[in-house]
Amino acid sequence: MRGLPFTHGMQRALANRGSRMLGHVRRTVIVIAVGIIAAVIPFLGTGPASAHGFSSTVYAKIAAGDEGHIRTAIELEYDLLVVSAADSGGDDPLFQAGTAAFEAGDTGAQAAALKAHTATVLKYVGERFSVTSRSAACRPSQVGDATIGERDGVPYANLLLDWTCTESADEHEVRSGLFPDDEGYVKGTKTIVTYEVDGRSGSAALDAAHPSFSTAQAWYERFGEFFLLGAEHLLSGIDHILFLLALIAGSRRLREIVLAATSFTLAHSVTFMLAALGLVEVPGAIVEPVIALSIAVVAGWHLWGIWRRGGHATDLDAAGRGHFSLDRSGWIRLGVVFCFGLVHGLGFAGALGIDEAWSWTLLWSLLVFNIGIEVVQLTIIALVFPLLLVLRRRAPKAGLWATGAVSAGVSIMGLVWFVQRLSGS
């Protein structure tokens, strides 16, 4: 009986100690969050100066035209085309009229500005986009007036050009150097080309490193371009990388991050293919804010676990383990990741902007683009998660603080982007 008071005392001491540790963890989370907020605030006002951000994508569809012509339908960001063409051609009236129409959101005035300065626009495009037959350059002529469309909420100018080639051939070379880095307006412009000409059909991705392709190119060359495009898209998309880091930080076991990554992959692959093939269409004004919100939610999930359970945030509930060794919290998180993965797939599809009818050639190109995304994603997991496991095992407290700091920063940035994208700023 004498040991009974001692046992109760020990229990109270342990409970008090656990309460103090949890309180310490919560204070640490608050300090980390406040520090990150203070670091982020100075940068909140710095955003893209234009609707197109820091990079641009040009879309071109190539087909056989009338009387032996090669017809190209080219889509370019309107405001970027106005600024670049006016600067290159010294056409200040185009800049004045085009910019005023863009700021007013008046599509009629935008089309009128391009029509009034057709020569300037055609000269700019013709010098940076070319079609060649047997090494002889084909001559472009504009068909009709430029029209205004929209992609992901951004005005696009649509130009229809017929190319007259002096040499007839069963293959053509297409080259694009539109909106190069040295203009100083954007960096890393991509030109996504789909073609059905010379008895062949396919797609290609052009950039500064790979500015041209031939309609007779080998299938592995075309797929190699889309693989690199997918890899570069994930690496240059900071929001997707932060989402992945949030997944890694909140995963408690290797199996959990593998299942989360697999769930994310399956989800975004489905919507990516459906959207890219034109079977599903969701406005970018909806997709982009939800992607930002998904980053904040997944990162905040781990922060909430730290807040509630302190040093036990990475423990599994043994009573709730089921298939795949996941507890109830793990299964809920997996479902959330899958749902957000569906939205991210729409974002990946927006990078290509391909909405052609179903074709095996296009399907394989899209799959290779997706594989490029997955290879980079798995590489990041393979590099980061083992380091996190080692840190958690050798210094549990440091591991907890590290993942808490990462999650706090990612969550804050996700919320900032959500507000900015929702407000259109």
Side-chain angles (χ1 to χ4, degrees), residues 54-55 57 187-188 190 192 205 207-210 220-273 276 291-292 294-295 298-299 301-302 314 324 326 330 333-334 336-338 340-352 364-394 399 402-403 405-407 409-411 413-414 417:
F54 298 110
S55 62
T57 304
K187 292 186 177 180
K190 305 287 185 184
I192 306 300
D207 56 19
H210 303 89
Y220 53 84
E221 293 178 307
R222 181 172 65 250
F223 290 165
E225 292 171 356
F226 273 86
F227 177 88
L228 291 176
L229 183 62
E232 291 172 1
H233 178 65
L234 186 68
L235 287 173
S236 61
I238 185 65
D239 49 358
H240 296 300
I241 290 180
L242 289 183
F243 183 83
L244 186 58
L245 289 179
L247 285 181
I248 294 173
S251 295
R252 300 165 292 182
R253 303 289 187 274
L254 177 61
R255 181 173 301 184
E256 197 167 82
I257 183 58
V258 170
L259 288 173
T262 302
S263 174
F264 179 68
T265 296
L266 291 175
H268 80 64
S269 295
V270 170
T271 49
F272 168 78
M273 298 300 295
I291 288 178
S294 73
I295 297 170
V298 172
W301 191 294
H302 181 54
T314 58
F324 302 114
L326 291 180
R333 182 172 180 268
L334 201 61
V336 171
V337 169
F338 183 85
F340 282 136
L342 295 174
V343 182
H344 279 250
L346 299 174
F348 288 138
L352 289 180
W364 283 112
S365 296
L366 297 177
L367 284 174
V368 172
F369 177 87
N370 209 28
I371 291 173
I373 291 173
E374 297 316 316
V375 168
V376 174
Q377 177 176 282
L378 292 175
T379 300
I380 293 174
I381 292 174
L383 292 175
V384 176
F385 194 71
L387 297 176
L388 179 58
L389 284 181
V390 171
L391 181 61
R392 281 176 174 172
R393 289 175 181 175
R394 295 191 176 183
T403 57
V406 170
S407 297
V410 171
S411 184
M413 287 306 303
W417 286 333

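The basis for the numbers below is simple: all heavy atoms, side chains too, and nothing from hydrogens, waters or symmetry mates.
Contact detail for Ala249 and Leu388: the closest heavy-atom pair is CA-CD2, 4.2 Å. Ala299 and Ser411 get closest at one heavy-atom pair: CB-N, 3.7 Å. Nearest approach of Val343 to Ile291, heavy atoms of both residues: CG1-CG1, 3.9 Å. Across Thr271 and Gly341, no two heavy atoms sit closer than the pair OG1-O, 4.1 Å. Contact detail for Ser269 and Asn370: the closest heavy-atom pair is OG-ND2, 2.8 Å.
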### Task
Show your reasoning for whether side-chain hydrogen bond (donor to acceptor under 3.5 Å, both in side chains) applies to His268 and Gln377.
CA-CA 13 Å; His268 80 64; Gln377 177 176 282; 4.7 Å; no
### Residues Met413, Leu242; criterion side chain to side chain contact (heavy atoms under 4.5 Å, CB included); working and verdict
CA-CA 9 Å; Met413 287 306 303; Leu242 289 183; 4.3 Å; yes
### Query
For Leu266 and Thr262, what are the C-alpha separation, side-chain angles and deciding distance, and is it a side chain to side chain contact (heavy atoms under 4.5 Å, CB included)?
CA-CA 6 Å; Leu266 291 175; Thr262 302; 4.2 Å; yes
#### Entry: Stepwise side chain to side chain contact (heavy atoms under 4.5 Å, CB included) check, Ile248 with Ile380
CA-CA 9 Å; Ile248 294 173; Ile380 293 174; 4.3 Å; yes
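A distance-only check finds no donor-acceptor pair linking the side chain of Ser263 to the backbone of Ala260 [under 3.5 Å].
Taking CG from Leu244 and CD1 from Ile241, the interatomic distance works out to 8.0 Å, rounded to the nearest 0.5 Å. From Phe340, atom CZ reaches atom CG of Leu247 across 11.0 Å, with rounding to the nearest 0.5 Å. Taken from CG in Leu259 to CZ in Phe338, the straight-line distance is 13.5 Å, to the nearest 0.5 Å. In this structure, Ile295 CD1 and Ile238 CD1 are separated by 8.5 Å, a value rounded to the nearest 0.5 Å.
Checked against Val375 for a side-chain contact (heavy atoms from CB on, under 4.5 Å), the options Leu378, Ile373, Ile371 give a single hit: Ile371.
Ring-plane geometry between His344 and Phe264 is classed as perpendicular, the angle between the planes exceeding 60 degrees on a 0 to 90 degree scale with a lower cut at 30.
Glu256 has its side chain out of reach of Leu334: every pair of non-hydrogen atoms, C-beta onward, lies at least 4.5 Å apart.
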